[in-house]
Structure formats: C-alpha cells, structure tokens
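Below is one structure, written out as structure tokens; the observations come after it.
So you know, we letter chains A, B, ... as the sequences are listed, proteins then strands, and number each from 1.
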Amino acid sequence: MHELGVVFYIIKDVKAVAEENHVDHVSSVVMDIGEVSTVVPHLLTDCWRWAADKEEMLKGCELKINTIPAVTYCDNCKKEYETVKFGKTCPHCNSNNTWLLRGNEVEINSIVV
Amino acid sequence: MEKVKVIEIKKSVFAENDKDADNLRKELKTKGVYLLNLMSSPGSGKTTTLIQTINRLKDKIRVAVMEADIDSDVDAIKIKEATGIPSIQLHTGGMCHLDAEMTRQGLDNVALEDADLVVLENVGNLVCPAEFDTGAVRNAMILSVPEGDDKPLKYPLMFSVCDLVLINKIDVMPYFDFDLERCKSYIHQRNPKAQVIPICAKTGEGVEAFVQWLLTEVNAWKTN
C-alpha cells in the first residue's frame with residue numbers, strides 16, 4: 001500500500017548515487033525485495049513507471065526485482081523453515097519462539113548505467 | 001555498442017529515513033519534547049481517545065497534537081474545540097503514512113518551546129505507517145474491539161513496532177467475538193515487550209492508566 005512512498009525513496013537514493021558517479025542516465029535499477037517485506041512487486045513497478053518517467057535521469061529506466069524468499073529460524077529446535085508456508089509457528093517442534101532470518105528486505109541492489 | 005556499467009548500492013530503502021528519524025529524536029531530546037506516534041485503523045477511536053486523555057493531562061503537562069490525514073481538517077478542529085490545546089493538521093498528499101521528514105515539517109509548525117508532549121496522530125492504516133520511523137520516542141497503537149482479536153496475527157509488523165497497545169471500545173465486548181486474553185497472547189507472540197491497556201474512550205474507563213503511562217514516559221524523557 002505504501003509502494004509509492006517507497007518509490008520516492010528509491011528515486012532519491014538512485015539520483016544521489018548517479019550524481020556522485022557523474023552519470024546522466026540510469027537504464028535499470030535492481031531491487032532486492034523480501035517475500036514478507038509488505039512491498040507488492042507489481043504495484044512497486046507500476047508506481048515506479050509513473051514516478052520515474054517524471055525524472056529526466058530515469059526516463060524509461062526499468063525496475064528489476066529479485067525476490068528474496070522468507071526464512072524463519074526456530075530458537076527451540078535450531079531449525080529453519082519457510083515463513084510464508086508456516087508463519088510464526090515452527091513446523092518441526094510447534095514452538096512460537098521463532099524469528100525472521102531473512103525476507104523483509106527492501107534494498108536497492110545496484111543500478112545499471 | 002554502448003558501454004554498460006553496474007554500480008553496486010546494497011542499501012535499504014529505509015536507511016535514509018531511519019537516519020533522519022534518529023536525528024529528529026536527538027533534537028527533540030535536547031528540546032525536552034516527547035513525541036508519541038499514535039497509529040491505528042480508521043475508526044478505532046484515535047481522536048476520541050486523545051480528547052479524553054488530553055483533558056486529563058492538560059493541567060499537568062503541556063500537550064500539542066499533529067493530525068495527519070490524506071485530506072480534511074475535521075480531526076484537528078475536533079481536538080482544538082474539545083480540549084483547547086494547540087492542534088495542527090498535516091496533509092500527506094495522498095500518501096498512506098508519515099515519514100521522519102514529513103514529521104519534521106509538521107513539527108516546524110508547532111510551538112515546541114510550549115510543549116512537553118506532542119502526539120502525532122498518524123494516518124489510519126495498519127500496514128504502511130509501521131514501516132516508517134517518524135522520529136517519535138515511542139510508538140503506540142489503538143486496536144478497537146469491533147476489528148477483532150486476531151489483528152496482531154494479520155498485521156504482525158504493526159504490533160511488533162509498538163511499545164504500547166490500547167484496546168479500545170471494551171464496553172461493546174459482549175456483542176463481539178473478542179477475547180481479551182487471546183488478543184493479549186497474540187500481541188505478546190509478536191512483541192513480548194508490548195504493554196497492553198484496555199480502555200473505553202467513550203466512558204473514560206481505563207484512560208487514567210494511559211494518562212499515567214504518558215506522564216511517566218514524558219517525565220523520564222525530560223529528566224534522564
């Protein structure tokens with residue numbers, strides 16, 4: 001739901017990096033988006049198209065998304081499992097003493113110029 | 001063929017906002033102003049809860065309110081009329097949340113030298129506001145009984161970033177399938193440190209506990 005806000009942050013960061021590197025046009029931006037990051041990839045790309053085309057430096061620039069699978073770690077049985085399938089409760093030992101190992105990333109991986 | 005170059009960034013999109021938020025918190029500490037970020041769904045009773053709370057607080061500490069909404073100024077007017085304290089309205093321009101920069105712009109319009117506590121009433125939404133640190137000292141949220149006791153399971157991030165959860169509209173609990181103990185256990189599953197205070201903003205039940213929580217918090221922020 002907050003994809004447009006996220007897009008504005010990406011644009012700000014990408015422009016700053018491009019300017020530091022004396023680049024006048026960016027052809028693509030690669031994002032790492034975790035499965036449970038609450039960012040919906042197709043909405044992010046929709047918002048991106050609308051907002052990026054308003055920036056001279058980012059006209060036509062493509063947003064590529066790497067999805068990072070979410071993995072949860074169980075402190076009781078020391079095993080990992082798929083977060084999306086099982087949620088907060090460990091499928092191995094039924095414990096709730098678990099925490100997210102990865103999968104909530106909203107990161108700019110790199111830009112292609 | 002044009003030369004292609006890849007520049008590695010590897011940086012969280014929220015990193016910049018987190019930095020802004022930390023700076024804002026430091027400035028507020030210097031000024032002795034406590035900022036509370038209050039979040040909830042639309043219609044959970046944020047404004048009514050604030051009016052009840054402020055009327056009990058305003059003789060003890062100086063309070064100001066910033067109302068954030070996508071549009072209209074009904075909340076800011078309601079607060080001002082019902083409590084007489086300074087209240088300003090922020091418009092997010094269609095955005096579903098506030099970030100640290102927007103919070104700072106709002107605070108520029110509040111007389112901070114005349115405030116001990118500023119309450120930021122965030123946009124009604126259980127998803128997006130949880131992602132963005134506003135620079136507040138603490139996050140609190142209101143969950144109202146008609147929304148259901150399963151909300152901590154459905155919006156885990158919101159409950160994991162909140163230091164305090166107010167459960168509002170407890171007067172209508174008999175009419176809804178809401179189990180207070182079950183709700184508390186769901187909240188503590190997500191966030192073992194969260195404090196839970198059941199209230200009814202309409203009748204004032206439980207509001208005093210929230211008032212005491214705020215007084216202790218503000219006092220600790222100003223003295224430590």
Side-chain angles (χ1 to χ4, degrees), chain A residues 1-23 25-34 36-40 43-44 47-48 50-51 63-64 66 70 72 83 87-89 95-100 103-113, chain B residues 1-21 39 41-42 68 70 92-103 122-134 150 152-161 185-192:
Chain A
M1 214 193 278
H2 54 298
E3 283 73 8
L4 185 60
V6 171
V7 158
F8 288 138
Y9 276 100
I10 303 172
I11 289 178
K12 209 166 135 191
D13 281 350
V14 167
K15 279 174 75 178
V17 171
E19 274 158 23
E20 268 170 39
N21 289 276
H22 310 290
V23 168
H25 189 260
V26 179
S27 56
S28 59
V29 173
V30 183
M31 297 292 300
D32 291 336
I33 305 284
V36 295
S37 64
T38 76
V39 169
V40 182
L43 294 180
L44 191 70
C47 293
W48 172 258
W50 177 82
L63 190 77
K64 292 178 180 164
N66 296 331
T72 298
T83 312
K88 177 79 181 161
T89 310
S95 137
N96 276 321
N97 196 7
T98 58
W99 46 275
L100 190 68
N104 63 351
E105 299 80 359
V106 183
E107 281 182 14
I108 307 173
N109 179 305
S110 54
I111 60 174
V112 181
V113 298
Chain B
M1 207 179 111
E2 261 188 272
K3 264 201 284 183
V4 170
K5 188 177 148 198
V6 177
I7 302 173
E8 287 251 334
I9 300 182
K10 290 276 183 200
K11 183 184 155 198
S12 166
V13 167
F14 303 116
E16 206 58 38
N17 184 58
D18 291 347
K19 212 164 68 192
D20 279 355
M39 300 178 279
S41 326
I70 288 173
T92 58
M95 296 275 250
C96 48
H97 63 274
L98 278 184
D99 61 14
E101 178 56 35
M102 290 188 257
T103 306
N122 213 315
V123 181
N125 179 337
L126 289 186
V127 185
C128 319
E131 290 276 7
F132 295 86
D133 188 343
T134 55
D150 57 356
L153 301 180
K154 294 186 174 182
Y155 302 91
L157 185 66
M158 174 56 74
F159 289 87
S160 65
V161 302
S185 84
Y186 288 155
I187 293 169
H188 289 133
Q189 242 179 55
R190 263 64 210 163
N191 182 356

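Checked against side-chain hydrogen bond (donor to acceptor under 3.5 Å, both in side chains), A/T98 has no partners two or more places apart in sequence or in another chain. Among residues two or more places apart in sequence or in another chain, the side-chain hydrogen bond (donor to acceptor under 3.5 Å, both in side chains) test is passed with B/N17 by A/Y9.
No more than 12 heavy-atom neighbours from other residues, nucleotides or ligands sit within 6.0 angstrom of NZ on A/K15.
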Name every donor-acceptor pair, under 3.5 Å, that has one atom in a side chain of residues 9-16 of chain B and the other anywhere in the protein, sequence neighbours excluded.
unit_1	atom_1	unit_2	atom_2	d
B/K11	NZ	A/D13	OD1	3.3
B/K11	NZ	B/E16	OE1	3.2
B/S12	OG	B/F14	N	3.1

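Put simply, of B/D99, B/L157, B/I7, the one with the most heavy-atom pairs under 4.5 Å next to chain A is B/I7.
Heavy atoms closer than 4.5 Å to chain B are found in the side chain of A/D32, but not in its backbone.
For residues 105-113 of chain A, the interface with chain B (any heavy-atom pair closer than 4.5 Å) comprises A/V106, A/E107, A/I108, A/N109, A/S110, A/I111, A/V112, A/V113, sorted by residue number.
Here the closest non-hydrogen pair linking A/K88 and B/Q189 is CE-O, 3.3 Å.
A/N96 CG to B/Y186 OH: the interatomic distance, rounded to the nearest 0.5 Å, is 10.5 Å.
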